[in-house]
2 protein chains.
Amino acid sequence: MVTSTTILDRAHEIFDAHLGVNKLRRTPERFAILKEVYECDDHFDIESLYTSMKEKKYRVSRATLYNTMELLLDCELVRKHRFGEQQAHYEKSLHHKQHDHIIRTDTGEVIEFCDPRIQNIKATLEDIFDLEISHHSLYFYGTPRGKQKEKV
Amino acid sequence: MVTSTTILDRAHEIFDAHLGVNKLRRTPERFAILKEVYECDDHFDIESLYTSMKEKKYRVSRATLYNTMELLLDCELVRKHRFGEQQAHYEKSLHHKQHDHIIRTDTGEVIEFCDPRIQNIKATLEDIFDLEISHHSLYFYGTPRGKQKEKV
DNA sequence: TTGGGTGCAAATTCTTTGCAATCTC
DNA sequence: GAGATTGCAAAGAATTTGCACCCAA
């Protein structure tokens, strides 16, 4: 048996520090939400987060969820996505290797991948346009071979 | 003086064919919208399209705009974006060299760029995951050097 | 003529806001 | 205690839908 620091612990520290530095309050809701987010291994939206917390008898309002997600975005503990639908999706991002996504257009399934060439492109762009690029979003959309939509 | 085929002409042909093949009606609204879209050199949203058509005395309902954009997306005459806000943005896409975008996080300004390595990444992914990738969306977010946000 | 398309307004969906009550600091 | 934060419900913004009327085929 070993004592170990989990990713949630680490996230908790970062969040705690962020709250401290920005003089924000350490409310139980905020930490409960962080925990829920970090216990989820998938992408999720506000509604499903709301539901799963409610099921676990931890009731927070949607307003608080939206608020807290903003804080978590600020300290980069979560990432926000718009896969194309209306609603935003989120995923935890700490110690989660930088990656991008492929969205299956037939099922909506999300595949993660990692390609170093994206960093090269980023570096090139920073040089060409004299920019500081903070982040990016990249999605490829497709279907398994031999299973493309047979649209007219 | 020469007779030439404009991009709008070509788009018109493609749209016309698409409507024909799918047994959809060639209504004046649809062509008016196509024209408006192709006369716009920027990215736009439904609301601004609605307004600019209204100003030109061509009144179409928002519902028709949304409908028609779907058709134009189907035949790839426009591309749809979600730069991060709620509302979707569109841009004409015919004869518009494949490109991606950099969004300035300070001003919202959109810079277009083109990098062939993206096609390489796409090809790699298709091989690895045995997929047929139909399209992608890539955005880099950043600010000019020496002008980053000074957030705590 | 006839079913697809249009406009309008109402309905939905997702997110934000206002405000009284509550809880950190 | 003071002021930030919460929950709730109402407001907003973007998009979709229902339906009577209209028009392209």
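By convention in this document, chain letters (A, B, ...) are assigned in the order of the sequence lines, proteins followed by strands, and residues within each chain are numbered from 1. It should be emphasised that the depicted structure is a prediction, and the values quoted were computed from it without experimental measurement. All values below come from the heavy atoms of this structure, side chains included, with hydrogens, waters and symmetry mates left out.
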Roughly how many Å is it from [atom1] in [X] to [atom2] in [N], rounded to a whole number?
X: Gln87(B); N: dA13(D); atom1: CD; atom2: P; result: 11 Å
X: Leu65(B); N: dC8(C); atom1: CG; atom2: P; result: 12 Å
X: Leu71(B); N: dT6(C); atom1: CG; atom2: C1'; result: 13 Å

Establish, with yes or no, whether the OP1 or OP2 oxygen of [N] is under 4.0 angstrom from a side-chain nitrogen or oxygen of [X].
X: Gln86(B); N: dA14(D); result: no
X: Arg62(B); N: dA13(D); result: no
X: Tyr66(B); N: dT15(D); result: yes

For this session: For His136(A) and Asp100(A), test the side chains for any donor-to-acceptor distance below 3.5 angstrom and give the result as yes or no.
Result: yes
I'd like a table of atom pairs between the protein and nucleotides 3-6 of chain D - only N or O on both sides, under 3.5 Å - with the distance next to each one.
from: dG3(D); atom 1: N2; to: Arg25(A); atom 2: NH1; distance (Å): 2.2
from: dG3(D); atom 1: N3; to: Arg25(A); atom 2: NH1; distance (Å): 3.3
from: dA4(D); atom 1: O4'; to: Arg25(A); atom 2: NH1; distance (Å): 3.4
from: dA4(D); atom 1: O4'; to: Arg25(A); atom 2: NH2; distance (Å): 3.3
from: dA4(D); atom 1: N3; to: Arg25(A); atom 2: NH1; distance (Å): 3.3
from: dT5(D); atom 1: OP1; to: Arg25(A); atom 2: N; distance (Å): 2.8
from: dT5(D); atom 1: OP1; to: Arg30(A); atom 2: NH1; distance (Å): 2.9
from: dT6(D); atom 1: OP1; to: Thr27(A); atom 2: OG1; distance (Å): 3.0

For this session: Would you kindly confirm whether Phe44(A) and Tyr139(A) end up in one hydrophobic cluster when ILVMFWY residues are joined by side chain heavy atoms under 4.5 Å apart?
Result: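 No: no chain of side-chain contacts under 4.5 Å links Phe44(A) to Tyr139(A).
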Problem set entry | The single option from Thr68(B), Leu72(B), Val60(B) passing side-chain contact (heavy atoms from CB on, under 4.5 Å) against Arg30(B) | Thr68(B)
Exercise. Under 6.0 Å from the NZ atom of Lys35(A), do we count more than 12 heavy atoms belonging to anything else shown?
Worked result: no
Exercise. Any idea how His89(A) and Phe83(A) line up, ring-wise: parallel (<30°), tilted (30 to 60°), or perpendicular (>60°)?
Worked result: tilted
For this session: Determine, using ring centers only, whether His135(B) and Phe140(A) are less than 6.0 Å apart.
Result: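 No, they do not, as the ring centres are separated by 6.0 Å or more.
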